[in-house]
Amino acid sequence: MTTDVTVTDEAVASLEGTADPRLRELLTGLIRHLHAFARETRLTQAEWERAIGFLTETGQTCTDTRQEFILLSDVLGLSMLVETINGDHAAGSTESTVLGPFHMTESPVRRLGENIDLVGGEPCVVSGRIVSDDGTPLPGAVLDVWQADGNGFYDVQQPDVQPTGNGRGLFTADAEGRFWFRTCVPSPYPIPTDGPVGELLKATARHPYRPAHIHFIATAEGHTPVTTHIFVAGSDYLDSDAVFAVKQSLVEDFTPTDDPSLAREFGIENPFRHARFDLVLDRA
Ligand code: BEZ
Ligand code: FE
């Protein structure tokens, strides 16, 4: 007969026939930790029902363009923990950070120098090189970029306001591993709060804001891809990111620039802001 003392061992033993050893290990850990949590907090039936209701609502909030489960993982710090556990990298290579829920659509292929801001925010140029961990440039490396507009919304959040692909671009580095593109200066924005994750933040008196940032995934042959952001130095919320994703090495100056030769080089009018940094990838 099952009792509150034996149920954990019985549930774990039920996994004996699992063919995949890693699956068995993960489920065993999950059962043991969930049971320990229920015992430690003396979880009530009503609280269990509330939690099931919350998770159900989280699933029902997901659509093709909204990922409430990733958001939940993000605000609980789980995404950043998993990211950090797996984020082994050589000293000096670019650190990774969370993917977030808005990389859910393919970025349009764009030419180097193109403007990904189709709406018109504060003009900005982002430039740098993609290099290997020994400093060798990586021609043909691919840079996937996505960001919110100057008002803090992604294109997928405002399909009736922003053109599809606004704030997104897929760029290929030139023969010297260089990349450059035009955009608008990103601003801090709140993560979506009109769903169950928003209720959770409200119930715990947490603000929903992320510091201003641009997302990147850099890939190059023979190298480990990196999923990362750059954060705007001086932005609000660098010290209290709602999803715990700030790393000091990823904070970059977006320098006010009024230099005619740079403006000519990037095909932009003065004044503009310029963020300049290299992405350093580990050899696979
Ligand atoms: C983002 O930066 O796009 C993001 C990351 C985590 C949660 C919500 C948004
Ligand atoms: Fe973002």
Side-chain angles (χ1 to χ4, degrees), residues 58-59 61-84 86-87 94-107 116-119 121-122 124 126 143-159 161-162 164-170 181 183-202 204 206-218 226-233 235-247 249-252 254 275 277 279:
T58 300
T61 306
C62 294
T63 67
D64 286 349
T65 54
R66 177 152 182 181
Q67 232 309 346
E68 194 78 358
F69 266 115
I70 295 186
L71 199 59
L72 178 58
S73 165
D74 293 338
V75 301
L76 294 178
L78 181 62
S79 309
M80 196 55 185
L81 175 63
V82 172
E83 211 287 318
T84 306
N86 291 284
T94 298
E95 289 197 278
S96 52
T97 191
V98 296
L99 175 69
F102 292 118
H103 186 256
M104 47 186 14
T105 153
E106 265 179 32
S107 297
I116 66 171
D117 173 21
L118 312 177
V119 177
E122 185 183 354
C124 172
V126 178
L143 192 61
D144 193 348
V145 183
W146 68 107
Q147 71 168 82
D149 71 1
N151 295 317
F153 292 101
Y154 285 87
D155 57 348
V156 291
Q157 292 176 287
Q158 295 188 309
V161 177
Q162 297 187 36
T164 306
N166 184 42
R168 300 180 192 266
L170 196 63
F181 61 90
T183 184
C184 63
V185 180
S187 47
Y189 65 81
I191 62 172
T193 54
D194 57 346
V197 170
E199 282 172 45
L200 187 148
L201 292 181
K202 204 160 153 203
T204 52
R206 282 174 56 181
H207 77 69
Y209 284 90
R210 299 216 58 212
H213 62 273
I214 303 178
H215 296 258
F216 299 94
I217 299 176
V226 68
T227 299
T228 193
H229 305 3
I230 55 169
F231 294 93
V232 179
S235 169
D236 287 341
Y237 309 109
L238 279 175
D239 291 333
S240 64
D241 184 1
V243 303
F244 314 102
V246 178
K247 292 182 176 173
S249 69
L250 303 177
V251 178
E252 300 288 347
F254 280 59
F277 67 100
L279 284 148

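Order of listing sets the numbers, starting from 1, for every ligand and every atom in it. All values below come from the heavy atoms of this structure, side chains included, with hydrogens, waters and symmetry mates left out.
The closest side-chain heavy-atom distance from His213 to Glu252 is not below 4.5 Å.
Summarising the local packing, CG of Asp239 is surrounded by 12 or fewer heavy atoms from other residues, nucleotides or ligands at distances under 6.0 Å.
Sorting the N, O or S atoms of His215 by how far they are from the Fe ion (ligand 2) puts NE2 first.
Classification of the Phe102-Tyr154 ring pair by plane angle, with boundaries at 30° and 60°, yields parallel.
For an aromatic pair to be called close, the ring centres must be under 6.0 Å apart, and Phe231 with Tyr237 fails this.
Centred on the Fe ion (ligand 2), the OH atom of Tyr189 and the OH atom of Tyr154 lie at an angle of 100°, reported to 10°.
Neither side chain, Ser96 nor Thr228, offers a donor N or O lying under 3.5 Å from an acceptor on the other.
Of the possible polar contacts, none joining the Gln162 side chain to the Leu118 backbone as a donor-acceptor pair under 3.5 Å is found.
A salt bridge links Asp194 with Arg66: the closest approach of a Lys/Arg side-chain nitrogen to an acidic carboxylate oxygen falls below 4.0 angstrom.
Here Gln147 does not reach the Fe ion (ligand 2): none of its N/O/S atoms is less than 2.8 Å from the metal. Here His229 does not reach the Fe ion (ligand 2): none of its N/O/S atoms is less than 2.8 Å from the metal.
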Provide, line by line, the atom pairs where ligand 1 and the protein bring an N/O atom each to a distance under 3.5 Å; else say none.
{"from": "ligand 1", "atom 1": "2 (O)", "to": "Tyr189", "atom 2": "OH", "distance (Å)": "2.7"}
{"from": "ligand 1", "atom 1": "2 (O)", "to": "Arg210", "atom 2": "NH1", "distance (Å)": "2.5"}
{"from": "ligand 1", "atom 1": "2 (O)", "to": "His213", "atom 2": "NE2", "distance (Å)": "2.9"}
{"from": "ligand 1", "atom 1": "2 (O)", "to": "His215", "atom 2": "NE2", "distance (Å)": "2.9"}
{"from": "ligand 1", "atom 1": "3 (O)", "to": "Tyr154", "atom 2": "OH", "distance (Å)": "3.2"}
{"from": "ligand 1", "atom 1": "3 (O)", "to": "Tyr189", "atom 2": "OH", "distance (Å)": "2.8"}
{"from": "ligand 1", "atom 1": "3 (O)", "to": "His215", "atom 2": "NE2", "distance (Å)": "3.1"}

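Residues Glu95 and Leu250 approach most closely at O-CD2, 3.5 Å, considering heavy atoms.
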